[in-house]
**Student:** 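Before I ask anything, let me first share the structure, which is written out below as structure tokens.
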Amino acid sequence: MDDLRFPVGRFTRPQGPLDGDMRRRAIDTIAAAPERLREAVQGLDDAQLDTPYRPGGWTVRQVVHHVPDSHLNAYVRFKLALTEDEPTIRPYDETRWAMLDDSRLTPIETSLTMLDALHDRWVRLLRSMKPAEFSRGLMHPESGPMTLDQMLALYEWHGRHHVAHVTGLRERSGW
């Protein structure tokens, strides 16, 4: 692999709406993300958890804590877009969040449990949405206007992306 930052490839934003099958598959992938992440880190010790997934990258522990940080923001963004007209969402500095002590020192089980509960709520919301609601939009100050279909595709990719960081490191390290 040429670029360890993007083990499943870079995200490509869909230009049009997703169809019903694409949405169902994306939601199913999001629903499975907590278990996939849990499987990816199964049996790793503290030294392995504190190993960067690539030179200059976050540690496995930071990746595990980043996923619920990011997905919590996504859940809130979905709710804002469903209850407000074209809300402008607030970005956050994920790199600085990953450097905080809760991301560097907390046992991963805390974030794995958080991710389980968060995804239970988020997937219930996603599965309750009507097709037209996926065309609702929001404004991301850095990425521009986005629909909930595009957000769904982004976070389907995001979970796979970070699980692949861990599984790729395990493969390369023989863990």
Side-chain angles (χ1 to χ4, degrees), residues 5-37 53 57-59 61-104 106 108 110-166:
R5 293 175 302 168
F6 300 101
V8 298
R10 290 181 182 267
F11 174 68
T12 303
R13 187 191 296 200
Q15 294 308 304
L18 303 179
D19 65 33
D21 286 338
M22 294 167 76
R23 283 188 195 115
R24 275 188 291 284
R25 284 193 306 271
I27 293 167
D28 288 346
T29 300
I30 289 170
E35 185 59 29
R36 298 291 85 78
L37 186 58
Y53 75 88
W58 292 340
T59 66
R61 186 183 311 274
Q62 287 171 303
V63 169
V64 171
H65 294 313
H66 163 73
V67 174
D69 285 348
S70 176
H71 292 195
L72 180 60
N73 275 283
Y75 173 66
V76 169
R77 291 167 179 178
F78 267 81
K79 292 190 75 136
L80 288 170
L82 289 168
T83 60
E84 299 176 17
D85 292 328
E86 301 281 332
T88 297
I89 56 113
R90 190 177 189 300
Y92 71 102
D93 187 334
E94 64 184 31
T95 301
R96 291 183 70 187
W97 281 38
M99 297 311 296
L100 295 172
D101 279 352
D102 71 314
S103 294
R104 293 183 317 101
T106 302
I108 62 169
T110 301
S111 281
L112 293 171
T113 300
M114 182 178 172
L115 195 64
D116 286 336
L118 172 60
H119 275 235
D120 181 66
R121 285 283 305 275
W122 190 18
V123 169
R124 289 172 191 270
L125 176 67
L126 294 171
R127 288 187 173 145
S128 74
M129 289 172 61
K130 305 211 177 349
E133 290 176 311
F134 286 94
S135 66
R136 292 186 62 86
L138 55 80
M139 175 60 71
H140 191 293
E142 296 166 356
S143 302
M146 296 181 76
T147 66
L148 290 182
D149 263 338
Q150 292 170 327
M151 293 285 290
L152 182 67
L154 173 61
Y155 286 96
E156 180 276 336
W157 170 87
H158 188 260
R160 290 184 302 107
H161 166 73
H162 285 302
V163 166
H165 283 151
V166 178

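Being a predicted model, the structure only gives us computed values, none of them experimental.
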**Student:** Apply ring pair (Phe, Tyr, Trp, His ring centres under 6.0 Å) to His140 and list each qualifying residue two or more places apart in sequence or on a separate chain.
**Tutor:** none

**Student:** Taking the side chain as C-beta and beyond, is there a heavy-atom pair between Arg136 and Met129 under 4.5 Å?
**Tutor:** no

**Student:** Any side-chain heavy atom of Pro14 within less than 4.5 Å of one from Asp149?
**Tutor:** no

**Student:** For atom CZ of Arg90, is the number of surrounding heavy atoms from other residues, nucleotides or ligands below 6.0 Å larger than 12?
**Tutor:** no

**Student:** Quick one, Phe134 with Leu18, criterion side-chain contact (heavy atoms from CB on, under 4.5 Å). Give me CA distance, side-chain angles, the key distance, then yes/no.
**Tutor:** CA-CA 8 Å; Phe134 286 94; Leu18 303 179; over 6 Å; no

**Student:** Taking Ser111 for its side chain and Ile108 for its backbone only, find out whether a donor-acceptor pair lies under 3.5 Å.
**Tutor:** no

**Student:** Got a donor-acceptor contact below 3.5 angstrom from the Glu35 side chain to the Ala32 backbone?
**Tutor:** no

**Student:** Within this structure, what is the CG-CZ distance for the pair Asp21 and Arg24, rounded to the nearest 0.5 Å?
**Tutor:** 4.5 Å

**Student:** On a heavy-atom basis, which atom in Val123 and which in Ala31 lie closest, and how many Å separate them?
**Tutor:** CG2-CA, 3.6 Å

**Student:** So, for Leu126 and Phe78, which heavy atoms are closest and what is the spacing to 0.1 Å?
**Tutor:** CD2-CE2, 3.4 Å

**Student:** Please name the pair of heavy atoms, one in Tyr92 and one in Ser70, separated by the smallest distance, quoted to 0.1 Å.
**Tutor:** OH-CA, 3.1 Å

**Student:** Measuring only between side-chain heavy atoms, which start at C-beta, is Pro131 closer than 4.5 Å to Arg23?
**Tutor:** yes

**Student:** So does Asp85 have more than 12 non-hydrogen atoms from other groups sitting under 6.0 Å from CG?
**Tutor:** no

**Student:** Indicate yes or no: at least one non-hydrogen side-chain atom of Trp58 is less than 4.5 angstrom from one of His165.
**Tutor:** no

**Student:** Is there a donor-acceptor pair under 3.5 Å between the side chain of Gln15 and the backbone N or O of Arg13?
**Tutor:** yes

**Student:** Could you measure the distance from the CH2 atom of Trp122 to the CG atom of Leu72? Nearest 0.5 Å is fine.
**Tutor:** 10.0 Å

**Student:** For a 4.5 angstrom cut-off between non-hydrogen side-chain atoms, does Glu133 reach Leu82?
**Tutor:** yes

**Student:** State which residues pass side-chain hydrogen bond (donor to acceptor under 3.5 Å, both in side chains) with Arg127; sequence neighbours excluded, sorted by chain then number.
**Tutor:** Asp28

**Student:** Under 3.5 Å, side chain of His162 to main-chain N/O of Val64, donor-acceptor pair present?
**Tutor:** no

**Student:** Keeping the roles fixed (side chain from Trp157, backbone from Thr12), state whether a donor-acceptor pair exists under 3.5 Å.
**Tutor:** no

**Student:** Identify the two heavy atoms, one from Leu118 and one from Pro68, that lie closest to each other, and give their separation to 0.1 Å.
**Tutor:** CD2-O, 3.9 Å

**Student:** A side-chain contact here means heavy atoms from C-beta on lying under 4.5 Å apart; do Val8 and Val163 qualify?
**Tutor:** no

**Student:** Check each of Met114, His66, His119 against His71 using the side-chain contact (heavy atoms from CB on, under 4.5 Å) test, and report the only one that passes.
**Tutor:** His119

**Student:** Indicate yes or no: at least one non-hydrogen side-chain atom of Leu37 is less than 4.5 angstrom from one of Leu115.
**Tutor:** yes

**Student:** List in chain and number order the residues that pass side chain to side chain contact (heavy atoms under 4.5 Å, CB included) with Met99, two or more places apart in sequence or in another chain; answer none if no residue qualifies.
**Tutor:** Gln62, Arg104

**Student:** Quick one: pull up OG1 in Thr106 and NE2 in His65 and give me the separation to the nearest 0.5 Å.
**Tutor:** 5.0 Å

**Student:** Can you see which heavy atom on Met139 is nearest to which on Gly144, and at what distance?
**Tutor:** SD-C, 3.5 Å

**Student:** Quick one: closest heavy-atom pair of Ala132 and Ser135, and the distance?
**Tutor:** O-OG, 2.6 Å

**Student:** To the nearest 0.5 angstrom, please state how far the CG atom of Asp102 sits from the OG1 atom of Thr110.
**Tutor:** 10.0 Å

**Student:** Measuring only between side-chain heavy atoms, which start at C-beta, is Leu138 closer than 4.5 Å to Met151?
**Tutor:** yes

**Student:** Return the CZ to OH distance between Arg5 and Tyr53, rounded to the nearest 0.5 Å.
**Tutor:** 8.0 Å

**Student:** I'd like to know if the side chain of Ser103 reaches the main chain of Trp97, judged simply by a donor and an acceptor atom lying under 3.5 Å from each other, with no hydrogens or angles considered.
**Tutor:** yes

**Student:** Drop me the distance from Leu100's CG to Asp69's CG, to the nearest 0.5 angstrom.
**Tutor:** 8.5 Å

